[in-house]
A.B. asks: 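Let me give you the structure first, and then I'll get to my questions.
Heads up: numbering here begins at 1 and tracks the sequence. These numbers come from a predicted model, not from an experiment.
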Amino acid sequence: MVNETNQRPRRSGKKIRRVRIGFNVLAQIMLVLFLAAMVNSIAFKHYARWDFSRDQKYALSDKTKRFLDTLKGKMRITVFFPPSTPITTDVQNLLTEYQYAGKGKVDLEQIDPERNLSRAKELFDKYKVVTDEPLLIVDYEGRNKTVKASEMADIDQSGVALGEGPRVAAFKGEQAITSAMIDLVEGKKKTLGYVLGHKEPPLAEGSAISVLKTFIENENIQFKELNLLDLDAIPEDVKTVMIVGPQYDFSDREMKVLHNFWDKQGRILLLVDPAAKTPKLDAFVNELGVKVNDDRLMVFLRTGIQELALTRDVQARFLGDSPITKRLADVRALFLGGTSSLTLEADRARAANTRLEPLIQAEKGYFAETDYNTDNQAKLQADAKRESNTPLTIGAAIEKGGSADERVQVNSSRLVVVSNATFVQDNAITQDQQGLDFISGSVNWLLSREQLIGIAPKVSKPLTFSLDQDALSRLRWIILIFMPLIPAVIGTVVWWQRRV
């Protein structure tokens, strides 16, 4: 009896202990699940993304990110891309980056028009879509714009005849989508006056600056051709004029129109052809503190042990002190053809009440040759030794009435001058070259759109590398000897330890 009485409390105590342990385990499980749910909830709302790919194909440019930060309302994007389209995956991945950078301001709806026919037809009727081409529709505050697949990529069809599928030669989705967004938010396009009448490159299709024209128009800017001889004043809707490589000088009447435009807080982008004689145009710039010198930049390059070659193509770097080139600081670009030097004259700038900033400087080793038509190699080499360490400016910005503080927006006259006019031509510039980035920054600065100054989207490039005979030999040893040897050594060590 005594033993039975003692065993009952022990059994009840064990049951209570088991119940307590069970409750503790259950509480721990619930706590772990709660913590896991909280961590996932926080991570879902607050997370970061990094693009570690070689060419950062989907990483958005600074220009796009800053534009998305300025959005006041919701941007809705509806995608009509069937899986068979070559760039469907690229578009989806890129739009995911837009959603993340938009911080809740970008809504995305993916529709497969081959499967979800009813929803596709409903939206096609709503947005009045009349094409069968894959596309996406950007909608902002009741305004919408269509971006077609053909605008987002260059497709190489050369392999189709050989039985290969189409290949994406260049993906330009960010350019097309951001351009459409800017167009919707700003509403009316900015107007850029293009001066003609002095043998400048025309704006017609197939001209020497067709790539530049398309690139600028994709930033919600429209060109307006101007013949200053036919005008008493620059039209009111034109806030910026572009002058690209005039081959003949401006008349007194044209210079008066240009002077009046400048005095009324006008904006001018001037690309000078140093081979052309334009004394009146040069004098106008000189009055503001920048002198276009009558010389040519040259450099001697060593092509052999004792052989030197003279070239007039200028390798230059962008300076980062100006808002135009801040994001191009120390980036190098090639300026083909003839380029002259610019002298920034501080005394003239003070007299004209202007502020000067150098934008582009030639790399070390270049010299400015005034006797640029000579064939006397000894003289050229002597000049090169004497002047090769002198900093040579080939691009500058002039501002009158502005503020040195970028945060302060003040109406002002602005001018950007570059002593080379061929670097923007199609044979010298492509969509991924730094020259386009510089022109984009200059135009946006002149239009007071500093928030849109940035780096142009990158064009993806295939990874290529070559191996010489020594590298192939080393690779052969690695594959045939060292890679099989590593598991053999590990296996031998394990066998020896077990044997011991």
A.B. asks: Using a strict 4.0 Å threshold on nitrogen-to-oxygen distance, state whether Arg119 and Glu109 make a salt bridge.
C.D. replies: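 Yes.
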A.B. asks: With a 4.0 Å cut-off on N to O distance, would you call Asp125 and Lys121 a salt bridge?
C.D. replies: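 A salt bridge is present here (some side-chain N lies under 4.0 Å from a carboxylate O).
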A.B. asks: So does Asp347 get a backbone contact from the side chain of Glu345, meaning a donor-acceptor N/O pair under 3.5 Å?
C.D. replies: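 Absent.
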A.B. asks: Could you tell me whether Asp237 and Lys224 have a side-chain N and a carboxylate O separated by less than 4.0 Å?
C.D. replies: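 Looking at Lys224 together with Asp237, the answer is yes, because their closest N to O distance falls below 4.0 Å.
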A.B. asks: Could you tell me whether a side-chain N or O of Glu200 sits under 3.5 Å from a main-chain N or O of Gly197, the two making a donor and an acceptor?
C.D. replies: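 Yes; at least one donor-acceptor contact below 3.5 Å.
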A.B. asks: With no hydrogens and no angle check, just 3.5 Å: does a side-chain donor-acceptor pair link Ser412 and Gln265?
C.D. replies: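 Distance-only check fails for Ser412 and Gln265.
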A.B. asks: Ignoring hydrogens and angles, state whether a donor on the side chain of Thr422 or Asn420 is under 3.5 Å from an acceptor on the partner side chain.
C.D. replies: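 On atom types as modelled, these side chains qualify, holding a pair under 3.5 Å.
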A.B. asks: Is any side-chain heavy atom of Arg355 closer than 4.5 Å to one of Ile398?
C.D. replies: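 In short, these two side chains do not touch, never coming nearer than 4.5 Å.
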A.B. asks: Answer with yes or no whether the side chains of Thr370 and Arg296 bring together a donor and an acceptor at under 3.5 Å.
C.D. replies: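 No, Thr370 and Arg296 have no side-chain donor paired with an acceptor closer than 3.5 Å.
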A.B. asks: Output yes when a side-chain donor or acceptor of Glu287 lies under 3.5 Å from a complementary backbone atom of Val285, and no otherwise.
C.D. replies: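 No, Glu287 side chain to Val285 backbone: no donor-acceptor pair under 3.5 Å.
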A.B. asks: Can Asp321 and Lys326 be said to form a salt bridge (Lys or Arg N to Asp or Glu O under 4.0 Å), step by step?
C.D. replies: CA-CA 6 Å; Asp321 297 330; Lys326 179 179 292 185; over 6 Å; no
A.B. asks: Report yes if the side chains of Lys213 and Val211 come closer than 4.5 Å at any heavy-atom pair, otherwise no.
C.D. replies: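 The answer is no; the side chains never approach within 4.5 Å.
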A.B. asks: Check the pair Ser150, Glu133 against side chain to side chain contact (heavy atoms under 4.5 Å, CB included), reporting the backbone distance first and the verdict last.
C.D. replies: CA-CA 8 Å; Ser150 57; Glu133 182 180 354; 2.8 Å; yes
A.B. asks: Do the charged groups of Asp183 and Lys189 touch, with an N to O distance under 4.0 Å?
C.D. replies: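 Here Asp183 pairs with Lys189 in a salt bridge, since their nearest N and O are under 4.0 Å apart.
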A.B. asks: Using a 4.5 Å cut-off on heavy atoms from C-beta on, say whether the side chain of Thr343 contacts that of Val290.
C.D. replies: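 Val290 vs Thr343: side chains apart.
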A.B. asks: Does this structure show an ion pair linking Asp249 with Lys280, if we count only N-O contacts that are shorter than 4.0 Å?
C.D. replies: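 A salt bridge is absent here (no side-chain N lies under 4.0 Å from a carboxylate O).
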A.B. asks: Step by step, would you call Val195 with Phe250 a side chain to side chain contact (heavy atoms under 4.5 Å, CB included)?
C.D. replies: CA-CA 11 Å; Val195 176; Phe250 283 41; 4.0 Å; yes
A.B. asks: Run the numbers on Ile182 and Arg449 for side chain to side chain contact (heavy atoms under 4.5 Å, CB included), then give the verdict.
C.D. replies: CA-CA 11 Å; Ile182 294 173; Arg449 303 198 306 176; 4.1 Å; yes
A.B. asks: I would like to know whether Ser448 and Arg267 meet side chain to side chain donor-acceptor pair (under 3.5 Å); could you show each step before the answer?
C.D. replies: CA-CA 10 Å; Ser448 298; Arg267 312 293 176 84; 3.1 Å; yes
A.B. asks: Between Phe423 and Phe335, how do the two ring planes meet: parallel, tilted or perpendicular, split at 30° and 60°?
C.D. replies: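 The rings of Phe423 and Phe335 sit tilted, inter-plane angle from 30° to 60°.
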A.B. asks: I'd like to know if the side chain of Thr393 and the backbone of Gly395 have a donor-acceptor N/O pair within less than 3.5 Å.
C.D. replies: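 Pair absent, no side-chain N/O of Thr393 close to backbone of Gly395.
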A.B. asks: Do any N or O atoms from the side chain of Thr85 and from the backbone of Ile87 form a donor-acceptor pair under 3.5 angstrom?
C.D. replies: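 No; zero donor-acceptor contacts below 3.5 Å.
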A.B. asks: Give a yes or no on whether the backbone of Asp112 and the side-chain of Asn116 come within a donor-acceptor separation of less than 3.5 Å.
C.D. replies: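 Not at all, since once roles are kept as given, no pair shorter than 3.5 Å links the two residues.
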A.B. asks: Quick one: do the Thr64 and Glu174 side chains pair a donor with an acceptor below 3.5 Å?
C.D. replies: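 The criterion, which ignores hydrogens and geometry beyond distance, is satisfied for Glu174 and Thr64.
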A.B. asks: If we check side-chain contact (heavy atoms from CB on, under 4.5 Å) with Val241, which of these qualifies: Leu415, Ile268, Leu446?
C.D. replies: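 That would be Ile268.
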A.B. asks: Do you know the tightest heavy-atom contact between Val147 and Ala180?
C.D. replies: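 Of all heavy-atom pairs spanning Val147 and Ala180, the closest is CG2-CB, 3.6 Å.
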A.B. asks: Is there a donor-acceptor pair under 3.5 Å between the side chain of Asp313 and the backbone N or O of Leu334?
C.D. replies: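 Such a contact is absent between Asp313 side chain and Leu334 backbone.
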A.B. asks: Filter on ring-ring contact (aromatic ring centres under 6.0 Å, His included), then keep only pairs touching residues 120-154, sequence neighbours left out; what's left?
C.D. replies: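 Qualifying pairs: Phe80-Phe124.
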A.B. asks: Return the NZ to CD1 distance between Lys145 and Ile77, rounded to the nearest 0.5 Å.
C.D. replies: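 Taking NZ in Lys145 and CD1 in Ile77, the distance rounds to 14.0 Å.
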A.B. asks: Using modelled atom types and a 3.5 Å cut-off, is there a donor and acceptor pairing between side-chain atoms of Asp282 and backbone atoms of Val292?
C.D. replies: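 No; zero donor-acceptor contacts below 3.5 Å.
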A.B. asks: Looking at Arg332 and Glu363, does any basic side-chain N land under 4.0 Å from a carboxylate oxygen?
C.D. replies: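 Yes, Arg332 and Glu363 are salt-bridged.
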A.B. asks: Testing Ser340, Ser341, Ser419 one by one against Asp295 for a side chain to side chain donor-acceptor pair (under 3.5 Å), which residue passes?
C.D. replies: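 The passing option is Ser341.
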A.B. asks: If every non-hydrogen atom of Ala397 is compared with every non-hydrogen atom of Ile324, which pair is closest and at what distance?
C.D. replies: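 The pair with the smallest heavy-atom distance is CB-CD1, 4.2 Å.
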A.B. asks: For a side chain to side chain contact (heavy atoms under 4.5 Å, CB included) check, start with the C-alpha distance between Leu359 and Leu319, then their side-chain angles and the critical distance, and finish with the verdict.
C.D. replies: CA-CA 5 Å; Leu359 301 177; Leu319 307 178; over 6 Å; no
A.B. asks: Quick one: CD1 on Ile209 to CG on Asp426, what's the gap to the nearest 0.5 Å?
C.D. replies: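 These two atoms lie 8.0 Å from each other.
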A.B. asks: Less than 4.5 Å apart, side chain to side chain, heavy atoms only: is that true for Phe215 and Ile439?
C.D. replies: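 A side-chain contact under 4.5 Å is absent here.
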A.B. asks: Using a 4.5 Å cut-off on heavy atoms from C-beta on, say whether the side chain of Glu236 contacts that of Lys264.
C.D. replies: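 SC-SC contact between Lys264 and Glu236 ruled out.
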A.B. asks: Quick check: are there more than 12 heavy atoms from other residues, nucleotides or ligands sitting under 6.0 Å from NZ of Lys105?
C.D. replies: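 Yes, NZ of Lys105 has more than 12 neighbouring heavy atoms, counting only those of other groups under 6.0 Å.
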A.B. asks: Are Lys126 and Glu122 within salt-bridge range, i.e. N to O under 4.0 Å?
C.D. replies: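 Answer for the salt bridge query: no.
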A.B. asks: For salt bridge (Lys or Arg N to Asp or Glu O under 4.0 Å), just list the numbers for Arg253 and Asp230, CA-CA rounded to whole Å, side-chain angles, deciding distance to a tenth of an Å, and then say yes or no.
C.D. replies: CA-CA 10 Å; Arg253 175 184 172 85; Asp230 299 335; over 6 Å; no
A.B. asks: Would a 4.5 Å heavy-atom cut-off, applied to side chains only, mark Pro391 and Lys364 as touching?
C.D. replies: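 The answer is no; the side chains never approach within 4.5 Å.
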A.B. asks: With a 3.5 Å cut-off and no angle check, do the side chains of Glu399 and Ser413 form a donor-acceptor pair?
C.D. replies: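 Glu399 vs Ser413: no donor-acceptor pair found between side chains.
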A.B. asks: Donor-acceptor check, side chain of Arg76 to backbone of Leu108, threshold 3.5 angstrom: yes or no?
C.D. replies: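 Side chain of Arg76 to backbone of Leu108, a donor-acceptor pair under 3.5 Å: no, none is there.
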A.B. asks: Short question: side chain of Lys65, backbone of Tyr98 - any donor-acceptor pair under 3.5 Å?
C.D. replies: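 Absent.
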A.B. asks: Are the side chains of Phe67 and Val185 in touch, meaning some heavy atoms are under 4.5 Å apart?
C.D. replies: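 Yes, at least one pair of side-chain atoms sits under 4.5 Å.
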A.B. asks: Under 3.5 Å, is there a donor-acceptor pair between the Glu254 and Ser251 side chains?
C.D. replies: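 A pair is found: one side chain offers a donor N or O, the other an acceptor, under 3.5 Å apart.
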A.B. asks: Give me the atom names and distance for the closest heavy-atom approach of Lys239 to Phe261.
C.D. replies: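 Lys239 and Phe261 have their closest heavy atoms at O-CZ, 3.5 Å.
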A.B. asks: To check you understand the geometry: which heavy-atom pair defines the closest contact between Gly102 and Leu68, and what is its length?
C.D. replies: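 Shortest heavy-atom contact: N-CD1, 4.1 Å.
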A.B. asks: Could you tell me if the side chain of Leu136 sits less than 4.5 Å from the side chain of Val91, heavy atoms only?
C.D. replies: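 Yes, at least one pair of side-chain atoms sits under 4.5 Å.
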